[in-house]
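Data first, discussion second: the structure below is written as structure tokens.
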There are 2 protein chains.
Amino acid sequence: MGNVHRLPLARPSDSAHGAHTPQASDVAPPGLTPAESVPPEELLQVGDLARETGKTVRAIHHYESVGLLTPHMRSKGRYRLYGPDAVARVRWIDKLHDLGMSLSEIQQILRLWEQAPSAPSAMGQLRAVYHQKLAEVSAQIARLTALEHELHGSLDYLDTCVECSPSELVASCSACTVHGPSETQPELVRGLHACSATSASA
Amino acid sequence: MGNVHRLPLARPSDSAHGAHTPQASDVAPPGLTPAESVPPEELLQVGDLARETGKTVRAIHHYESVGLLTPHMRSKGRYRLYGPDAVARVRWIDKLHDLGMSLSEIQQILRLWEQAPSAPSAMGQLRAVYHQKLAEVSAQIARLTALEHELHGSLDYLDTCVECSPSELVASCSACTVHGPSETQPELVRGLHACSATSASA
DNA sequence: ACAAACCCTGACGCGTGCGTACGGGATAGG
DNA sequence: CCTATCCCGTACGCACGCGTCAGGGTTTGT
């Protein structure tokens, strides 16, 4: 496959709005264990989960639809209700996603985990995956570091260009007298010359 | 926008096959400058360009269609013919793409460049963009480094898990007696517990 | 003349990760 | 009862970066 890796600018943050949070009455007649022993006070609606994790409701639905997350239970009105561990889960998903894994790859890990015959085996498999990811991350860091250097180099180069005679046109850059011919230019600069692309619009 | 950045495994390489390369007769009657003074011997067909840059022909067409690249001229049979600078151009595109820029962002840079009134101005704008990109790359490196550490931590953690009693089931991990409760687990491990996802297929 | 490579334009397909809109209940407070 | 939020399920849309198929010329060698 080709090249895939984007850089972010910033993370979207959450704005807070208040509504209602699930109450014990939502879920269980007082005094009964709700389905699988989850303190009813700590149940989260999808919106709450969204806010706590910084994701959108839609995203969480999506995660569920691809099998990454399942609500602990439903209210009687079919509202999704999550236990506190869901927060960890979503953050985990996010992290792996940041690690460069697609949602379906993450799914694979979950499968692996859930279908593992024993704990040590599960841990072993997980270890293997993380090991692999570690290598990839290191490689990516190396690549980016190289690009970082190239950028520095190009910036240095461009610094002198800025002081060039203002009357010079870009067309003359390929025969620059200050820097020498275009062969000596950093690749990040050289690529701009010639090969004119179509022009249009403002 | 959400999170976007993938890691690669390896770069596709090129397999060589031989065909015909453009000849002077393709393009200009002997003794005439071909359109814009390009040594006819050095002209590349799209396939040649593809091979030299490691991209596919389709990709190059695509770059052209989004205005990143224009053939220097066409043969009389409408074959695209590129000058040697096209190679630099494609590599440049690839690099910026690796830098995390979309093709249309790259296009913007080209626009900037071509529409710049003077060379110093063009260089200045380019500098600004690269400056910005440098910051992003640095940030991304920082993020990845953090993730690298997390991975290391998780691997260490998992190392001990592998030696756990083979009869333990994953379900009991959340109450691990070796490591303590799940709150002390690395996030990359904690996220796996509970929140069971749907199971199906083999 | 014919075959073997190459090239052309056009257009639909795909995988990812959600955004967004639609029509309609659920829940809480006043 | 009315209303303000929040939620549900379904489904289409979109941006990216090409892959891939279709139908048909172009060059070149023998």
Side-chain angles (χ1 to χ4, degrees), chain A residues 1-6 8 12 16-27 43-51 53-69 71 74-82 90 93-94 96-98 100-107, chain B residues 1-6 8 12 16-27 43-51 53-69 71 74-82 90 93-94 96-98 100-107:
Chain A
M1 28 195 79
N3 50 33
V4 199
H5 30 267
R6 289 286 109 77
H17 16 259
H20 88 117
T21 24
Q23 312 228 316
S25 55
D26 271 346
V27 61
L43 285 174
L44 301 171
Q45 288 188 182
V46 66
D48 304 333
L49 180 54
R51 254 171 277 118
T53 58
K55 315 297 296 182
T56 66
V57 170
R58 173 64 177 118
I60 293 180
H61 284 169
H62 184 55
Y63 294 159
E64 181 176 345
S65 79
V66 295
L68 289 178
L69 182 63
R74 297 277 193 144
S75 81
K76 57 182 178 184
R78 298 198 42 74
Y79 280 25
R80 277 165 255 252
L81 295 178
Y82 299 89
V90 173
I93 295 171
D94 218 32
L96 291 191
H97 195 195
D98 281 7
M101 305 184 61
S102 70
L103 295 191
S104 44
E105 282 177 311
I106 300 178
Q107 232 286 27
Chain B
M1 33 192 73
N3 48 33
V4 200
H5 30 267
R6 290 288 110 78
H17 15 259
H20 88 119
T21 25
Q23 313 229 316
S25 55
D26 271 346
V27 61
L43 285 174
L44 300 171
Q45 287 189 178
V46 67
D48 304 334
L49 180 55
R51 254 172 277 119
T53 57
K55 316 295 296 183
T56 64
V57 170
R58 174 62 177 122
I60 293 181
H61 284 170
H62 184 55
Y63 294 159
E64 181 175 346
S65 80
V66 294
L68 290 178
L69 182 62
R74 297 277 193 143
S75 80
K76 56 183 179 183
R78 297 197 42 73
Y79 279 26
R80 277 166 254 252
L81 296 178
Y82 300 90
V90 173
I93 294 171
D94 218 32
L96 291 191
H97 195 193
D98 280 8
M101 304 184 61
S102 69
L103 296 190
S104 45
E105 283 176 310
I106 299 177
Q107 231 287 26

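Residue numbering restarts at 1 for every chain, and letters A, B, ... go by the order of the sequence lines.
Between B/Asp94 atom CG and D/dC16 atom P there is a gap of 18 Å when expressed in whole angstrom units. Whole-Å rounding puts the B/Gln107 CD to D/dG17 C1' distance at 15 Å. When rounded to the nearest whole Å, the span between CZ of A/Arg80 and C1' of D/dC6 equals 13 Å. The separation between B/Glu64 atom CD and C/dG10 atom C1' is 14 Å, rounded to whole Å. Look at NE2 on B/His62: it is 11 Å from C1' on D/dA15, rounded to the nearest Å. In this structure, A/Leu68 places its CG atom 9 Å from P of C/dG17, rounding to the nearest Å. A/Leu81 places its CG atom 12 Å from the C1' atom of C/dT27, with the value rounded to the nearest Å. In this structure, CG of B/Leu96 is placed 16 Å from C1' of D/dC16, rounded to the nearest angstrom.
You'll find that the side chain of B/Val46 is closest to C/dC7, out of D/dG17, C/dC7, C/dC18.
OP1 or OP2 of D/dG9 lies within a sub-4.0 Å distance of a side-chain N or O belonging to A/Arg78. For the OP1/OP2 pair of D/dT26 and a distance below 4.0 Å, the side-chain nitrogens and oxygens of B/Arg74 include no atom meeting the criterion. Of the side-chain N and O atoms in B/Ser104, none sit less than 4.0 angstrom from OP1 or OP2 of D/dA15. A sub-4.0 Å separation between OP1 or OP2 of D/dG9 and a side-chain N or O of A/His61 is absent. Side-chain N/O atoms of A/Gln45 include none lying less than 4.0 angstrom from OP1 or OP2 on D/dC6. In this structure, A/Tyr63 does not reach the C/dG17 phosphate: none of its side-chain N or O atoms is under 4.0 Å from OP1 or OP2. The phosphate of D/dT27 (OP1 or OP2) has a side-chain N or O of B/Ser75 nearer than 4.0 angstrom. Dashed line: the shortest gap from a side-chain N or O of B/Thr56 to OP1 or OP2 of D/dC18 is not under 4.0 Å.
Residue contacts for A/Arg58: at a heavy-atom cut-off of 4.0 Å it reaches a base atom on one of the strands shown.
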Could you pull out the protein-nucleic contacts involving nucleotides 21-25 of chain D (nitrogen or oxygen on both sides, under 3.5 Å)?
residue: D/dG25; atom: N2; partner: B/Tyr79; partner atom: OH; Å: 2.6

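Side-chain contact check for A/Ile93 versus A/Thr53: every heavy-atom pair is 4.5 Å or farther apart. Side-chain atoms of B/Leu81 and B/Gln45, non-hydrogen and from C-beta on, do get closer than 4.5 Å to each other. In this structure the side chain of A/Ile106 reaches within 4.5 angstrom of the side chain of A/Leu103, judged on heavy atoms. Taking the side chain as every heavy atom from C-beta outward, A/Tyr82 and A/Val90 never approach each other to under 4.5 Å.
At least one donor-acceptor pair closer than 3.5 Å links the side chain of B/Gln107 to the backbone N or O of B/Val66.
Partners of A/Ser65 under the side-chain hydrogen bond (donor to acceptor under 3.5 Å, both in side chains) rule, at least two apart in sequence or in another chain, do not exist in this structure. Applying the side chain to side chain contact (heavy atoms under 4.5 Å, CB included) rule to A/Arg58 yields the partners A/Thr56, A/His61, A/His62; only residues at least two apart in sequence or on another chain are considered.
When the nearest nucleotides of DNA chain C are assigned to A/Gly77 and A/Ala59 by heavy-atom distance, the more 5′-ward of the two goes with A/Ala59.
Heavy atoms only, all atoms of each residue included: A/His97 and A/Met101 are closest at CD2-O, 3.1 Å.
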